[in-house]
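Keep in mind the model is a prediction, meaning the values are calculated, not measured. In this chain, numbering begins with 1 at the start of the sequence shown.
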Amino acid sequence: MAMITLTGGRSFKLLLLHAFLLTMLSAHMSPALGFISGVGVGDANNIRCIEGERQALLEFKKGLVDDYGRLSSWQSGDENKNCCNWEGVRCSNLTGHVLELHLSNDGIKPFGGPRFPNWILTQRNVSFLEISNTNISDTIPAEWLADLPPTLKRLNLSNNHIYGRLPNVSTKRLNELAIDLSANSLEGPVPHLPTNLTILNLSKNQFSGSISSLCKINGQLLAYLDLSNNRLSGRLPNCFMQWPKLLILNLAGNHFFGEVPSSLGSLSVLETLSLNNNNFSGNLPSSLRNCSSLIVMDMRNNRFSGNVPAWIGESLPSLIFLSLRSNMFTGSIPLHLCWLKYLQILDLSINDISGTIPQCLNNFTAMAQKGNSFFNFGRWIPYSYENDGSSYVQFYFDSVMVELKRNEYEYHGRNLGLLKIINLSSNKLIGKLPSEISSLLDLFALNVSRNKLIGEIPQMIGQLKQLESLDMSWNQFCGKIPSSMSELNFLGFLDLSYNNLSGKIPSSTQIRGFNASYFIGNRALCGPPLTQKCPGEETPNRNEATAKDNEENGDELVKWFYVGTGFGFALGFWGVCGSLVLKRSWRHAYFLLLDN
């Protein structure tokens with residue numbers, strides 16, 4: 001058995017393992033490949049390599065750029081004929097077969113040119129062929145795909161610039177096969193493929209037309225099907241019952257239309273269903289309730305209609321991500337959604353949903369338990385099985401688009417697992433925002449904008465310490481902004497505009513740092529960041545202050561005028577009359593003067 005792994009990084013490995021020496025398969029060669037070998041490696045000085053493998057290494061060297069001469073020992077002459085002594089080569093101490101090729105040093109780069117490497121066409125014992133992210137700009141040889149090595153278990157040519165139509169792939173195979181041709185420029189219809197595929201990833205290409213040809217794939221093996229971000233169209237074939245082991249189904253970003261076939265409900269072990277960004281219509285088939293293992297259900301940006309199914313909460317207990325965004329759903333939010341205790345992201349925005357918001361939101365345990373992330377949106381996908389029951393596996397991370405702070409961001413893997421989001425915006429919801437929302441202590445973002453919600457903002461909303469985005473704009477909320485909102489220290493986005501709020505905006509640096517436009521359109525809000533001052537805090541302008549000072553000064557003068565007049569009268573009166581009373585001679589002289 002042989003395994004060849006080439007990637008665009010600094011480390012490349014070529015493992016040539018003889019079939020009868022292989023004893024066990026399970027651990028890692030790379031994040032996308034599981035492998036363990038029980039074959040020993042001996043002293044290269046005591047063994048001789050096999051001539052055919054030496055020639056293969058010399059041919060392989062022609063496709064490398066060696067900037068620092070680290071492969072100078074790789075010579076074709078007799079003086080260094082034993083390839084087990086070459087730099088980076090390790091051989092078996094039993095047979096001399098080359099086991100590993102370590103090219104982890106700087107200065108060694110794969111492929112000197114953009115063409116498909118011809119030396120691969122001669123490798124008939126290859127089991128794992130990984131040539132991803134190596135800037136290949138060429139077509140895939142049709143004769144090679146039509147007659148793949150019978151031992152091949154995995155073919156990975158992803159993240160290159162391979163173009164043209166994909167030829168038919170060899171269908172007369174006994175072994176299972178995983179194919180990854182994602183992120184290239186392949187076009188045309190999906191060709192005939194082997195019936196015993198375990199993984200098929202044709203995403204991020206330009207394939208077009210129907211996918212009815214895939215119904216010929218043997219469903220007993222297929223575990224992963226990703227055709228996202230192509231130009232595929234038509235109605236989905238009703239043949240999903242042939243793939244009972246399917247774990248991942250991603251058909252997003254195409255031009256499919258019509259109703260979703262009921263046979264999707266036969267995928268009882270399905271964990272990820274991504275049908276977003278298509279033109280699907282009609283009701284969600286009730287048969288999907290049989291997909292009880294679903295973790296991710298992404299149906300956004302379609303034309304689905306009808307009520308939001310209650311069976312989502314009743315029959316999909318493992319659901320963590322649910323997005324029905326931008327469809328035509330009507331009716332109310334079913335109470336059964338509150339049964340989804342593992343739910344971390346709920347997006348029902350941009351629909352015609354009416355009624356009130358359920359008060360049982362605190363049943364979303366994953367959002368309520370602070371710091372407890374139930375899942376990291378990653379899992380192992382088996383793609384090759386051995387007689388002893390062991391298997392090769394590929395690690396898969398879910399990747400979804402999330403609306404946050406009025407922008408869409410792509411999250412995947414562990415980063416996605418950290419998000420706790422509720423988005424109910426752009427619907428026709430009425431009534432109050434339930435106070436139970438304050439129990440979701442680990443909530444990251446809440447968006448209820450563009451509805452008809454009334455009443456006061458829950459007073460305990462300040463308990464949502466992890467909240468980073470809060471949008472309640474374009475509703476009819478009234479009353480004061482809760483003072484507890486000033487305790488939201490991580491808040492990076494806040495919009496309370498166009499409501500009926502009144503009173504003083506809480507005085508915290510976090511809130512006052514937002515733009516004033518996020519508070520406009522309310523009845524009587526005041527205080528920073530608005531320019532409107534609250535009662536009792538007005539500062540008069542300069543002219544008004546001058547007039548008021550002048551008026552106060554005039555009043556002061558009048559007051560002192562009357563005080564002076566009274567004091568002068570009393571002083572004059574008693575100064576004259578008092579002296580006449582006290583002085584007898586002055587009194588006689590005064591009256592004598594009056595008589596005269």
Side-chain angles (χ1 to χ4, degrees), residues 166 179 181-182 186-195 197-306 309 311-312 315-316 321-329 398 400:
L166 180 64
I179 295 180
L181 302 177
S182 61
L186 295 167
E187 59 184 9
V190 177
H192 294 291
L193 297 165
T195 59
L197 283 177
T198 55
I199 289 178
L200 178 60
N201 189 350
L202 302 180
S203 64
K204 300 179 182 178
N205 280 283
Q206 301 175 32
F207 289 107
S208 59
S210 172
I211 61 171
S212 57
S213 62
L214 296 180
C215 291
K216 298 179 181 179
I217 298 176
N218 184 354
Q220 299 302 316
L221 297 173
L222 189 63
Y224 179 114
L225 178 59
D226 190 348
L227 304 177
S228 61
N229 298 304
N230 280 282
R231 299 175 180 175
L232 299 168
S233 59
R235 297 178 182 272
L236 293 185
N238 196 19
C239 62
F240 290 95
M241 74 286 289
Q242 298 179 192
W243 305 327
K245 292 186 178 179
L246 195 63
L247 297 173
I248 309 296
L249 176 59
N250 191 346
L251 304 178
N254 284 287
H255 305 291
F256 295 117
F257 60 84
E259 296 186 356
V260 174
S262 59
S263 60
L264 267 180
S266 61
L267 305 178
S268 59
V269 298
L270 190 68
E271 296 182 355
T272 294
L273 176 60
S274 297
L275 302 181
N276 54 288
N277 295 90
N278 281 285
N279 293 307
F280 292 115
S281 59
N283 296 338
L284 293 180
S286 60
S287 60
L288 284 177
R289 69 195 317 157
N290 299 322
C291 302
S292 56
S293 299
L294 268 180
I295 295 173
V296 173
M297 186 174 180
D298 192 350
M299 317 295 277
R300 58 194 164 86
N301 296 329
N302 279 286
R303 297 167 57 196
F304 290 115
S305 58
W311 52 257
I312 292 179
S315 305
L316 307 181
F321 178 94
L322 174 61
S323 179
L324 305 180
R325 173 184 173 86
S326 190
N327 279 282
M328 301 166 63
F329 287 105
D398 286 299
V400 298

Could you give the distance from [atom1] ([X]) to [atom2] ([Y]), rounded to the nearest 0.5 Å?
| X | Y | atom1 | atom2 | result |
| --- | --- | --- | --- | --- |
| N302 | M328 | CG | CE | 11.5 Å |
| N254 | F207 | CG | CZ | 11.0 Å |
| R289 | I312 | CZ | CD1 | 10.5 Å |
| D298 | L324 | CG | CG | 9.0 Å |
| H255 | N277 | NE2 | CG | 10.5 Å |
| E259 | L236 | CD | CG | 11.5 Å |

Under a 3.5 Å distance rule, please check whether N230 uses its side chain to pair with a backbone N or O of Q206 as donor and acceptor.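 Indeed, once roles are kept as given, a pair shorter than 3.5 Å links the two residues.
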Find out whether [X] and [Y] are in side-chain contact, i.e. whether some heavy atom of one side chain is under 4.5 Å from a heavy atom of the other.
| X | Y | value |
| --- | --- | --- |
| N283 | S305 | yes |
| N250 | T272 | no |
| L249 | L264 | yes |
| F304 | V260 | yes |
| L227 | L214 | yes |
| N327 | F280 | no |
| L284 | F329 | yes |
| K245 | L222 | no |

Set of residues satisfying side chain to side chain donor-acceptor pair (under 3.5 Å) with respect to S203, sequence neighbours excluded: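 Checked S203 against side chain to side chain donor-acceptor pair (under 3.5 Å); matches are N201.
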Tell me the closest heavy-atom pair linking [X] and [Y], and the distance in Å.
| X | Y | answer |
| --- | --- | --- |
| L288 | L273 | CD2-CD2, 4.1 Å |
| S263 | P237 | OG-O, 4.5 Å |
| L270 | I248 | CD1-N, 4.0 Å |
| N290 | G265 | CB-O, 3.1 Å |
| W243 | L225 | CZ3-CD2, 3.8 Å |
| L251 | N278 | O-ND2, 3.1 Å |

Let's go through F257 and R235 carefully: what are the C-alpha distance in whole Å and the side-chain angles of both, what is the deciding distance for side-chain contact (heavy atoms from CB on, under 4.5 Å) to 0.1 Å, and is it a yes or a no? CA-CA 5 Å; F257 60 84; R235 297 178 182 272; 3.8 Å; yes
Please test L186 against L202 for side-chain contact (heavy atoms from CB on, under 4.5 Å), starting from the C-alpha separation and ending with a verdict. CA-CA 9 Å; L186 295 167; L202 302 180; 5.6 Å; no
Stepwise side-chain contact (heavy atoms from CB on, under 4.5 Å) check, V296 with E271: CA-CA 6 Å; V296 173; E271 296 182 355; over 6 Å; no
Stepwise side-chain contact (heavy atoms from CB on, under 4.5 Å) check, L316 with L322: CA-CA 11 Å; L316 307 181; L322 174 61; over 6 Å; no
